[in-house]
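My structure is below; once you've seen it, I'll send some questions.
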There are 4 protein chains.
Amino acid sequence: MKGIEPKKTFLALPLEKQKRIIETAASEFAERGFKGASLNSIVEKVGIAKGSLYQYFHDKQHLFLYVFDYGIRLAKGALKEIESKEISIFEQIRYSIFAGFRFVKKHPLIYQIYLKILFEDKVPFRKKLIGTLRFYSHKYLLPLLKRAKERGEIRPDVDLEMAAFMLDAMMEKMLQAYTLSYIDSIGLYKADDKTINRLVDAWIDILKKGLANGGID
Amino acid sequence: MKGIEPKKTFLALPLEKQKRIIETAASEFAERGFKGASLNSIVEKVGIAKGSLYQYFHDKQHLFLYVFDYGIRLAKGALKEIESKEISIFEQIRYSIFAGFRFVKKHPLIYQIYLKILFEDKVPFRKKLIGTLRFYSHKYLLPLLKRAKERGEIRPDVDLEMAAFMLDAMMEKMLQAYTLSYIDSIGLYKADDKTINRLVDAWIDILKKGLANGGID
Amino acid sequence: MKGIEPKKTFLALPLEKQKRIIETAASEFAERGFKGASLNSIVEKVGIAKGSLYQYFHDKQHLFLYVFDYGIRLAKGALKEIESKEISIFEQIRYSIFAGFRFVKKHPLIYQIYLKILFEDKVPFRKKLIGTLRFYSHKYLLPLLKRAKERGEIRPDVDLEMAAFMLDAMMEKMLQAYTLSYIDSIGLYKADDKTINRLVDAWIDILKKGLANGGID
Amino acid sequence: MKGIEPKKTFLALPLEKQKRIIETAASEFAERGFKGASLNSIVEKVGIAKGSLYQYFHDKQHLFLYVFDYGIRLAKGALKEIESKEISIFEQIRYSIFAGFRFVKKHPLIYQIYLKILFEDKVPFRKKLIGTLRFYSHKYLLPLLKRAKERGEIRPDVDLEMAAFMLDAMMEKMLQAYTLSYIDSIGLYKADDKTINRLVDAWIDILKKGLANGGID
DNA sequence: TATGAATGAGAATTCATTCAT
DNA sequence: TATGAATGAATTCTCATTCAT
């Protein structure tokens with residue numbers, strides 16, 4: 001992605017300070033969205049002067065993009081490993097979901113920012129951002145499913161694109177439920193770890209029945 | 001729900017004027033989100049004085065909540081009819097989805113507000129909103145599924161809460177795909193009417209295989 | 001000139017208050033130029049809230065243009081009467097100069113603003129402004145000279161455009177000298193009223209010798 | 001002039017570097033005026049650190065004054081040669097004008113700064129600048145005219161101070177017309193080279209008639 | 001009850017100046 | 001001597017909210 005470089009002043013900062021700034025900013029964006037976030041509030045929390053932030057980032061948008069990009073890099077790493085595992089498609093899906101869970105547990109703000117931006121109109125670069133980060137997207141799921149079909153794990157008459165859409169929907173929803181419950185304990189679905197496990201198992205079960213060759217594998 | 005009552009002055013207004021105010025506000029909130037929406041802009045479009053708005057609603061948040069509540073009431077109405085239809089659970093689901101489509105087509109702003117607000121702002125505010133919407137999967141879908149199980153349309157070992165969650169996720173994602181493509185042609189999945197139809201068909205098909213008694217049809 | 005209307009809120013103000021605002025703004029623009037003028041400073045001097053100024057004028061530029069236009073209207077009036085007087089061209093010139101003097105004495109800030117703007121690049125509308133207000137410009141002087149030539153007051157071989165340019169230069173310089181000395185008593189040319197009178201007389205004298213038919217009238 | 005000395009560190013710099021700094025600063029001041037000029041922008045263009053500029057000059061104002069003074073010295077040099085020429089006063093004037101033209105063509109920024117500053121900012125600042133420039137009409141023109149009168153080239157009854165003022169005004173206006181048309185084609189008087197030549201000729205002609213001994217040539 | 005002018009806190013951003021290295 | 005990061009006051013402008021009429 002272009003135009004997300006911070007000024008070199010920022011990169012010259014002690015890593016500890018860089019991190020403090022990014023995480024404070026992430027927390028502000030996560031809580032208030034792009035428009036709502038206040039640079040005033042960020043500098044105050046970090047404990048630097050207003051002008052300093054502008055030594056580090058060209059403007060609010062650049063700061064946001066950098067924080068977001070930082071999140072993207074973290075997220076991409078989290079899913080990489082699974083693709084190559086020699087396990088059935090259903091196991092891959094299960095792993096992916098739990099990789100997602102681990103990710104939002106470790107970096108809750110990043111996913112929150114993603115959720116915030118998803119439907120905020122006036123983030124000028126919204127389309128680009130959404131395209132960049134769909135946690136379990138076509139790009140990730142469809143190849144997985146195709147290979148599974150070739151291996152005979154999925155019935156030949158299954159509409160793979162449909163299946164990818166369905167998986168995406170489910171996985172993202174689960175992530176949302178997990179995140180929300182994790183972050184502010186709204187507990188929409190009483191989504192504690194135990195319940196989540198049960199949901200995932202039940203879902204994989206239905207999936208198998210719906211997609212797998214020969215039904216109950 | 002508490003705190004969403006407008007002042008009495010608003011309810012004393014001619015219905016036509018009430019409607020004009022709500023719909024203008026809805027359009028502003030849909031376009032700019034809660035924080036971004038400008039009361040200035042609303043009163044200007046409606047053609048009333050700024051002070052008047054404060055005669056009708058205590059503050060911006062109250063106005064927003066009332067508009068949102070208004071949307072909820074519309075949505076509930078749209079689903080009422082289906083519950084009573086004497087058709088299989090899978091047909092009910094199909095009907096529900098298309099009812100949703102018709103709804104967002106008829107009241108695009110309402111759904112947009114919902115999307116905007118889904119992850120916006122401070123927790124207590126959001127909690128109230130989302131809590132309201134759980135009605136869909138728990139109060140609407142779960143009873144539907146329970147009755148279907150009783151009628152033997154669904155395998156006895158299916159985890160109904162899980163299934164409700166799954167249906168909810170799918171329907172919401174479809175609505176999102178439909179709405180987004182409808183509203184600003186982001187078209188994450190190129191979800192034109194034809195594609196949507198195909199998705200729904202394929203999905204109902206998988207659902208049947210996953211949930212229905214008799215397994216692989 | 002377009003786009004110089006203040007908001008109606010401003011026009012609804014008591015005339016006394018309108019005047020106080022315009023004159024305070026004029027004084028600020030005169031002292032600091034367009035870029036340098038501070039709205040903060042203006043509202044503080046006037047004793048109104050920062051937001052109020054924005055109820056009156058769309059932005060800094062609109063405020064400036066209004067103040068400037070207000071000056072233009074004053075200036076145009078000051079020169080109108082002379083054109084029609086039944087006196088020799090040299091008397092008309094003398095009258096014009098003193099009309100200018102009276103004007104800058106009465107409205108010193110207006111002329112100062114004009115001088116400020118003359119060479120300030122970043123006033124976006126600079127070209128238009130300069131075109132609008134050249135105190136003794138071609139548009140004003142050339143017709144005067146043409147009629148004088150027709151009446152035989154000026155030698156037929158005089159290049160009128162050149163003469164207009166020359167008159168313009170002289171008159172404007174005199175105005176500047178007068179203004180500067182009047183405003184901050186720099187006294188570039190010890191340009192007190194007496195000296196100014198002597199300068200004007202001597203100059204008209206040279207002019208007659210240079211331009212008039214038959215030399216010494 | 002007091003207060004325009006740079007710090008010793010600046011004078012210790014290689015001449016080439018001094019020049020680069022002054023000319024870059026001149027270009028910035030010319031383009032944006034005193035208030036508008038950004039030290040950030042200057043140091044960036046020159047390629048030195050911001051702190052360094054403060055090693056060389058006490059502050060922004062000192063830098064500006066030094067740049068301006070540098071221009072004055074250049075201008076004085078340009079006029080030196082003419083004074084000693086053994087030609088009639090009218091020829092000297094003609095030469096002076098064209099010397100001025102050549103100067104603004106060679107150092108357009110210097111003259112622009114002069115124009116910018118002419119009426120800018122607080123009085124004491126300006127007083128210093130304009131005082132400096134009076135040298136032209138009083139220290140340069142007046143002696144020229146006195147000698148011409150002694151040589152009998154000018155009528156004995158001519159008010160020389162007045163004449164100096166007049167010449168000054170004309171020459172400045174011509175320079176302005178020339179510069180403005182040269183710099184940004186505002187072309188108040190469409191003052192292209194040809195027109196300028198015609199203006200100068202016509203003007204010298206009128207001057208002769210107005211000032212010269214023997215009157216109507 | 002309706003109005004809309006007034007308010008002032010708060011937004012993002014700029015920039016001359018300082019100072020530790 | 002040279003550096004450039006840090007500062008914070010100042011800039012223009014927005015907007016929810018109040019309140020006198």
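Computed from a predicted model, the values in this text were never measured in an experiment. Letters A, B, ... mirror the listed sequences (proteins, then strands); counts begin at 1.
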Could you give the CD1-to-P distance, from A:Ile48 to F:dG8, as a whole number of Å?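 Taking CD1 of A:Ile48 and P of F:dG8, I get 12 Å after rounding.
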Reported NE2-to-OH distance for the pair D:His62 and D:Tyr54, which is rounded to 0.5 angstrom: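 With rounding to 0.5 Å, NE2 (D:His62) is 12.0 Å from OH (D:Tyr54).
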Atom CG of C:Asp59 and atom P of F:dT11: how far apart are they, to the nearest Å?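 Checked: the CG to P distance equals 17 Å.
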It should be established whether B:Tyr56 places a side-chain nitrogen or oxygen under 4.0 Å from OP1 or OP2 of nucleotide E:dT1.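 So the side-chain polar atoms of B:Tyr56 never come under 4.0 Å of the phosphate oxygens OP1 or OP2 of E:dT1.
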A:His62 has an atom NE2; how far is it from atom P of E:dA12, in whole Å?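 Distance, rounded to whole Å: 16 Å.
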Would you kindly give the CD-to-C1' distance between D:Gln55 and E:dT18, to the nearest whole Å?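 After rounding, the gap between these two atoms is 11 Å.
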Any N or O donor-acceptor pair linking the side chain of D:Lys50 to the base of E:dT17 at under 3.5 Å?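 Side chain to base: pair found, below 3.5 Å.
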Closer than 4.0 Å, any side-chain N/O of A:Ser52 to the OP1 or OP2 of F:dA5?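 Answer no for this pair, as no side-chain N or O of A:Ser52 is under 4.0 Å from OP1 or OP2.
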Let me know the distance between CZ of D:Phe64 and C1' of E:dT17, rounded to the nearest Å.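 Computing the D:Phe64:CZ to E:dT17:C1' distance gives 19 Å.
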Examine E:dA6: is either OP1 or OP2 under 4.0 Å from a nitrogen or oxygen in the side chain of C:Lys17? Give yes or no.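 Yes, because at least one side-chain N or O of C:Lys17 sits under 4.0 Å from OP1 or OP2 of E:dA6.
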For the side chain of D:Leu39, counting heavy atoms from C-beta on, which of E:dA16, F:dC13, F:dT17 is nearest?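 Closest of the options to the side chain of D:Leu39: E:dA16.
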Step-by-step side-chain hydrogen bond (donor to acceptor under 3.5 Å, both in side chains) determination, D:Gln55 to D:Thr9: CA-CA 6 Å; D:Gln55 305 271 19; D:Thr9 29; 5.4 Å; no
For a 4.5 angstrom cut-off between non-hydrogen side-chain atoms, does A:Tyr56 reach A:Leu11?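 In short, these two side chains do not touch, never coming nearer than 4.5 Å.
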Rounding to a whole Å, what distance do you find between D:Glu28:CD and E:dA16:C1'?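 Answer to the nearest Å: 13 Å.
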Using heavy atoms to find the nearest nucleotide of DNA chain E for C:Gly51 and A:Gly51 separately, return the residue whose nucleotide is more 5′.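 Between the two, 5'-proximity favours C:Gly51.
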By nearest heavy atom, map C:Tyr54 and B:Lys60 onto DNA chain F; which one lands nearer the 5' end?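 Per heavy-atom nearest nucleotide, the more 5' residue is C:Tyr54.
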How many whole angstroms separate atom NE2 of A:His58 from atom P of E:dT13?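 Those two atoms, NE2 and P, are 9 Å apart.
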Between C:Lys50 and C:Asn40, is there a side-chain heavy-atom distance shorter than 4.5 Å?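 With C-beta onward as the side chain, the pair touches.
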Gap between atoms NZ and P, on B:Lys35 and E:dG10 respectively (whole Å):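 It works out to 11 Å between those atoms.
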On the nucleotide E:dA11, are OP1 or OP2 found under 4.0 Å from the side-chain N or O atoms that A:Asn40 carries?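 Looking at the OP1 and OP2 atoms of E:dA11, one of them is under 4.0 Å from a side-chain N or O of A:Asn40.
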Which nucleotide in F:dA6, F:dA2, E:dT1 has an atom nearest any side-chain atom of D:Leu13: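 Ranking F:dA6, F:dA2, E:dT1 by closest atom to the D:Leu13 side chain puts F:dA2 first.
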Whom does E:dT17 pair with, Watson-Crick or G-U wobble, provided both distances fall under 3.5 Å?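 By the stated definition (distances under 3.5 Å), F:dA6 pairs with E:dT17.
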In Watson-Crick or G-U wobble terms, both distances under 3.5 Å, what is the partner of E:dA12?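 WC or wobble partner is F:dT11.
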Counting only heavy atoms from other residues, nucleotides and ligands, does the tally under 6.0 Å from NZ of A:Lys7 exceed 12?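 Enclosed.
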